[in-house]
Amino acid sequence: MPLTQEQIMELSKLQKMLRNLEKIERNAKNDLQKERVAYDIERYRRRMQEVSPEGIPDNLEQTMRNAKTREENPENLKHKVISQYPVMKISPNSNDSEINQIGTLVNIMDLEYIPILGDGHIKFDYSHATERDTVLKYMENLRRNMKILVETVEEYAAADKQEFREQLSRMKNKQSRIFIAESFETLGKFRDFLTAVNKDIKDGVNVIMNMEEPIKFNPRFERATVLEGRSIMEGLREFQEFAEEACDLIRLPSFRG
């Protein structure tokens, strides 16, 4: 699962402290000092494992730099929204960087943005609610195909027999291509829907019945935090930007080869 902004901040702090402790351990003058530092190192490592059981993102530091740039000088970032999220593996043995990047975007959209489209947050008029439900069906299908890909990746990693590994490798490659194509299609559907909704709102069409209410998530049922307290208009605009940037990234040649 993707990390929340609070988890990203905590991991960054833990990582800095861990590196400082490892430096102290290397330069320790005696065994007693080494033992004390080793205890703290193990404590911080356990905490990092608790925060992110699926591992620490390789681009965590870059993500934190992006977040700072986004706050201080956002015009210097090409992808202002998606650059704030570190890339997570879609499964423990997923080593395809492109699949992990796209999987992260899909999971982030599912965690942070799609919840605001529910009736508990935004009350669309009948026409737009119907369009929303149609778009959400694409996400349901994408979730299923991502689950299948994850299962194949893990089966491939655990397989012993060469013949079986070759068969699973072909399946994995085919499913990866399907996943990339369907991710692009699904993100495009959300982009188009949100673009139309935001245009209607700008043109004065009465699209949403509760436009003045702030976005509030129920922590008992929702893990989303990014749009907490924002206005519905702000939330929809950022969701549109997220979908546009994600489509732009997947359209790059490295993803479409």
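When all heavy atoms of K34 and A28 are compared, the closest pair comes out as CG-CB, 3.3 Å. Here the closest heavy-atom approach between residue C247 and residue G188 is recorded as SG-N, 3.5 Å. Residues E112 and T225 come closest through the heavy atom pair OE1-N, 2.9 Å. Residues L105 and F242 approach most closely at O-CZ, 3.3 Å, considering heavy atoms. For the residue pair L227 and F217, the shortest heavy atom distance occurs at C-CE1, 3.9 Å. Contact between S94 and E154 at its shortest, heavy atoms only, is N-OE2, 4.2 Å.
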>> Under the criterion side-chain contact (heavy atoms from CB on, under 4.5 Å), I'd like the reasoning laid out for L236 against I122: C-alpha separation, chi angles, the key distance, then a yes or no.
In response: CA-CA 10 Å; L236 289 172; I122 298 179; 3.8 Å; yes

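The closest donor-acceptor contact from the side chain of E35 to the backbone of D31 lies at 3.5 Å or more, if one exists at all. Formation of a donor-acceptor pair under 3.5 Å by the N141 side chain with backbone atoms of K137 is not found in this model. In this structure a side-chain-to-backbone donor-acceptor pair under 3.5 Å is missing from N93 to A157. Side chain of S52 to backbone of M48: no donor-acceptor contact under 3.5 angstrom is found.
Looking at Q167 and E163, their side chains never bring a donor and an acceptor atom within 3.5 Å of each other.
Note on K161 versus E166: no salt bridge recorded, every NZ/NE/NH1/NH2 to OD/OE distance being 4.0 Å or above. A salt bridge does not link E140 with R143: every distance from a Lys NZ or Arg NE/NH1/NH2 to an Asp or Glu carboxylate oxygen is 4.0 Å or more. R132 has a carboxylate O that lies under 4.0 Å from a charged side-chain N of D119, or vice versa, which qualifies the two as a salt bridge. Using a 4.0 Å cut-off between charged side-chain N and carboxylate O, R230 and E238 make a salt bridge.
Among the candidates K172, K147, Q175, the single residue satisfying the side chain to side chain donor-acceptor pair (under 3.5 Å) test with T152 is Q175.
With rounding to the nearest 0.5 Å, the separation of OG in S183 from CE in M109 is 8.0 Å.
With sequence neighbours excluded, the residues forming a ring-ring contact (aromatic ring centres under 6.0 Å, His included) with F190 are F239, listed by chain and number.
Membership of the apolar cluster around F164 extends to Y156, L168, M171, as traced through chained side-chain contacts below 4.5 Å between ILVMFWY residues.
Residues I99 and I180 meet the side-chain proximity criterion, which asks for heavy atoms closer than 4.5 Å. Residues Y85 and V226 form a side-chain contact, since some pair of their non-hydrogen atoms from C-beta on lies under 4.5 Å apart.
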When the side chains of residues 200-216 are checked against the rest of the protein, which donor-acceptor pairs come out under 3.5 Å, sequence neighbours left out?
residue	atom	partner	partner atom	Å
D200	OD2	H128	NE2	2.9
D203	OD2	K199	NZ	2.8
N210	OD1	K123	N	2.9
N210	ND2	H121	O	3.0
N210	ND2	E213	OE1	3.3

